[in-house]
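Before any comments, here is the structure.
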Protein chains: 2
Amino acid sequence: MGVHSVFVKDAVRIPTRRAIVDLPDRQSFPTLTDVARAAGVSTATVSRCLNTSGKVSGATRERVMRAVETLGYTPNFGARALAAKRTFTIGAIIPTMENAIFARGLQAFQETLHDKGYTLLVSSTAYRPDREAEQIRTLVARGADGLLLIGYERDPEIYDFLRSRRVPVLLAWAHQTGNPHPAVGFDNRGAMAALTRAVLAHGHTAIAVISGILRGNDRASERLAGIRGVLQENGLDPHALPVIETAYDIDNGARAFATLMQACDRPTVVMCVNDVLAAGAMQQARAMGIAVPEEVSITGFDDIELARLVTPQLTTVHVPHRQMGSLAARELVRMVETKGEGVSHELQSALRLRASLGRRG
Amino acid sequence: MGVHSVFVKDAVRIPTRRAIVDLPDRQSFPTLTDVARAAGVSTATVSRCLNTSGKVSGATRERVMRAVETLGYTPNFGARALAAKRTFTIGAIIPTMENAIFARGLQAFQETLHDKGYTLLVSSTAYRPDREAEQIRTLVARGADGLLLIGYERDPEIYDFLRSRRVPVLLAWAHQTGNPHPAVGFDNRGAMAALTRAVLAHGHTAIAVISGILRGNDRASERLAGIRGVLQENGLDPHALPVIETAYDIDNGARAFATLMQACDRPTVVMCVNDVLAAGAMQQARAMGIAVPEEVSITGFDDIELARLVTPQLTTVHVPHRQMGSLAARELVRMVETKGEGVSHELQSALRLRASLGRRG
DNA sequence: TTGTAAGCGTTATCAT
DNA sequence: ATGATAACGCTTACAA
């Protein structure tokens, strides 16, 4: 069975998991043939009217379009996919729809896609790599013309599979200079490094981190690496950094914060790998009667709306999600339509210094 | 052209908007025929292995599955859709992915769908009815086996179209007793009425409302009607109620709040039609130095995470979004598979009284 | 249990 | 500019 076993094994079972159920005769609708007959032309001509611009005389086109309208004709997607080997469908697989950062980026992604005549197919993985592999197969089997995936890190055999199926893939939410994979994103490590420098500049040295699960999540691990790198730069021991790793979720952020504050030496600042965890930390701080930023500072990452709604407002890193989604859509469509290689785009993130980060010393 | 003109007119243009682009020969993959040959059986047998449970002898099935694996066969979606007239795809059209309430419900919807072997196709309309009509056509053209739509209110010709195409449709996020359309949701009016009673019980009589755009949004208008109804019940004039109608969005909530508070008689409570608007109102209150709830109370609707993150925490109505999504998935699949009529389910919402609502008088 | 073969509704190649 | 017609890959009677 070799290396690919797990991945390939149920490649076919996914889309066929359940028996086809009897579907009481769904009435059938006008087809190309009906339109052709009504317009007194061949099906080829009708198809041309619908798909290509020139190639058909004005009079004929007129007649055909009238027939289309009268009959209420709608093209059959399956037949079209079968014949054209094209679906005008783009798949996107994201960790979750519940975090605003993906929701917002995806919204922009789908709007741009829609403008270009493509439909978006979305699924989410709950941050589970096995689920992602499964979703990728499903979307490919459904004939997605291209795929948007989040981040770089995944099993190489997934990339092999994708390459073998010749499906254009664009990565988003991350950008690593030098990595050959086409991606539209930003430098997670650099952004977090910049934030860490700001934290140090505020006089903090006792830093603790609340991180998302690192395994399979390069955005999280890059951000953590950004913090560690700056500590090292400044002669602090990156290995002494307390890090709590937990699933992205408000309650987990709260719990992690509680744990950190119960330790014997409390940190003076808690850096969270995203705003959701930071919001949880803030909530817990209030619950424990710990003043932010007087007793402890808290920082986030992403700059979702939450960041400005909590009190005090959250110091964080702003990421241009909408721009990223929209640019990714344009780039991916380009890749699909030109069969081109895909160009990476690095977007800029920006520090947002707000009241949750205070001065120390 | 008659009544249906606008709707029917470009029924065919949508999915074919752009010319088919040359797609350099995408390599071709093993087909059913290849598998059949490799396993030494007919294509029919392979198909049966993949789709039906009994009907094939153990030995044969074994051989076929081995062939499938070795070849790395994946069924062709278009061909399958064409032959079976089934896609195992469910479409959902929501106003926006950016509001957590839809994101969360949709996440649950898709998870349940996935468990049942269906794929979810999502699009969003930005609360624009014309966009919704367009998306509905697109999804139907793509062979969605069923559709999930939000709320009841839409152009009757859309319902006609859907009926004529025999596409099962389930509504969500709303439930109106007596309305024959199958829906999984809750009583928006009743829920808001309950909240309003609580507000009155806190001694408020000077109420103002920040509402979403009412046109085409029955959830919003039902909620508003809930408030008005209770005012009337209590001998207050529902027509004297100040209402600001604005798009769902934090900044709009803030602006609307500012307007209300600049009026000569300030309300003692601002009821917002959802939590997002309420969060904006809270933000603005802080910016204007208006104490909540001492000077003015604020209420929301939905109980998204935001509600507990803001200070003071938001009094709101809790809606079981995940349960709604999951139940909707089960019901819609049932409708699709049984060609059944669709059963409505009313879920219960619940008051969440928190600090943003204070006592007056 | 298995095989044969007729569609399914398009697109696209080749003629004309 | 238009028309015939052969794919496209699968499902499903109907036969054996």
Side-chain angles (χ1 to χ4, degrees), chain A residues 12 15-16 18-37 39-64 68 71 73-88 141-143, chain B residues 12 15-16 18-37 39-64 68 71 73-88 141-143:
Chain A
V12 86
T16 58
R18 53 180 24 256
I20 302 284
V21 184
D22 291 315
L23 201 65
D25 36 321
R26 183 184 277 193
Q27 132 187 356
S28 80
F29 304 104
T31 71
L32 248 208
T33 312
D34 298 324
V35 176
R37 185 167 26 230
V41 297
S42 73
T43 61
T45 299
V46 178
S47 177
R48 278 190 285 258
C49 278
L50 266 26
N51 296 307
T52 49
S53 26
K55 310 230 170 193
V56 176
S57 79
T60 314
R61 161 166 259 121
E62 175 80 359
R63 213 152 17 104
V64 169
V68 163
L71 271 58
Y73 166 79
T74 304
N76 176 302
F77 176 73
R80 183 175 263 186
L82 185 57
K85 298 183 180 316
R86 266 315 248 101
T87 59
F88 285 97
R142 296 199 153 236
Chain B
V12 88
T16 55
R18 52 181 24 256
I20 301 283
V21 184
D22 291 315
L23 201 65
D25 36 324
R26 182 183 278 196
Q27 133 188 356
S28 80
F29 303 104
T31 69
L32 247 208
T33 315
D34 298 324
V35 176
R37 184 165 28 229
V41 297
S42 73
T43 60
T45 299
V46 177
S47 175
R48 280 189 283 255
C49 277
L50 267 26
N51 297 309
T52 49
S53 28
K55 311 232 172 197
V56 176
S57 80
T60 315
R61 161 164 259 122
E62 175 80 357
R63 215 152 15 106
V64 169
V68 163
L71 271 57
Y73 167 78
T74 304
N76 176 301
F77 177 73
R80 182 176 266 186
L82 185 55
K85 299 179 179 314
R86 270 307 254 101
T87 59
F88 286 96
R142 298 201 148 234

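Throughout, a chain's letter reflects where its sequence line sits, starting with A, and its residues are numbered from 1. As a basis for the values below, the full set of heavy atoms in this structure was taken, side chains included, without hydrogen atoms, waters or symmetry mates.
- Residues B:Arg80 and B:Asn51 have side chains in contact (heavy-atom distance under 4.5 Å, counting atoms from C-beta outward).
- In this entry the distance linking CG of A:Asn76 with P of D:dC10 reads 16 Å, nearest Å.
- Distance B:Asp34 CG to D:dC10 C1': 13 Å, rounded to the nearest Å.
- Which of C:dT11, D:dT11, D:dG9 sits closest to the side chain of B:Ala84 comes down to D:dT11.
- OP1 or OP2 of D:dC10 has not a single side-chain nitrogen or oxygen of B:Thr33 nearer than 4.0 Å.
- Take the nearest nucleotide of DNA chain C for B:Leu82 and for B:Thr43: the residue whose nucleotide is more 5' is B:Thr43.
- The side-chain heavy atoms of B:Arg61 and B:Val64, taken from C-beta on, include no pair separated by under 4.5 Å.
- The shortest side-chain heavy-atom distance between B:Thr31 and B:Asn76 does not fall under the 4.5 Å cut-off.
- Here C:dG9 presents its P atom at 14 Å from CG of A:Leu71, a figure rounded to the nearest Å.
- In this model, the phosphate group of C:dC8 is not approached by any side-chain N or O of A:Thr31 to a distance below 4.0 Å at OP1 or OP2.
- Residues A:Ala79 and B:Val41 both approach DNA chain C. Their nearest nucleotides, taken by heavy-atom distance, put B:Val41 toward the 5′ side.
- Summarising the geometry of A:Ser47 relative to A:Leu32, their closest heavy-atom pair is CB-CD1, 4.1 Å, with the distance given to 0.1 Å.
- With rounding to whole Å, A:Leu32 atom CG is found 4 Å from C:dT10 atom P.
- Between D:dA7 and A:Lys85, no contact under 4.0 Å exists linking OP1 or OP2 to a side-chain N or O.
- Side chain of B:Ala83, nearest nucleotide from D:dT2, C:dC8, C:dT10: C:dC8.
- The distance between atom CZ of A:Phe88 and atom C1' of C:dT10, rounded to the nearest whole Å, is 13 Å.
- Distance from the side chain of B:Ser42 is smallest for C:dG3 among the nucleotides C:dG3, C:dT10, D:dT11.
- Regarding A:Arg37, its CZ atom lies at a distance of 13 Å from the C1' atom of C:dG9, rounded to whole Å.
- Proximity of A:Arg80 to the phosphate of C:dG9: no side-chain N or O atom is located under 4.0 Å from OP1 or OP2.
- Phosphate proximity of C:dT11 to A:Asn51: present, with a side-chain N or O under 4.0 Å from OP1 or OP2.
- The side chain of A:Thr45 approaches D:dG3 more closely than any other nucleotide in the set D:dT11, D:dG9, D:dG3.
- Put simply, CG on A:Leu50 is 15 Å from C1' on C:dA12, counting in whole angstrom units.
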With side chain to side chain contact (heavy atoms under 4.5 Å, CB included) as the criterion, how do B:Leu71 and B:Phe29 come out once you've worked through the C-alpha distance, each side chain's angles and the decisive distance to 0.1 Å? CA-CA 9 Å; B:Leu71 271 57; B:Phe29 303 104; over 6 Å; no
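- Taking atom CZ of residue B:Arg48 and atom C1' of nucleotide D:dA13, one finds them 10 Å apart after rounding to whole Å.
- Using a 4.0 Å heavy-atom distance criterion, B:Ser47 is classed as a base contact.
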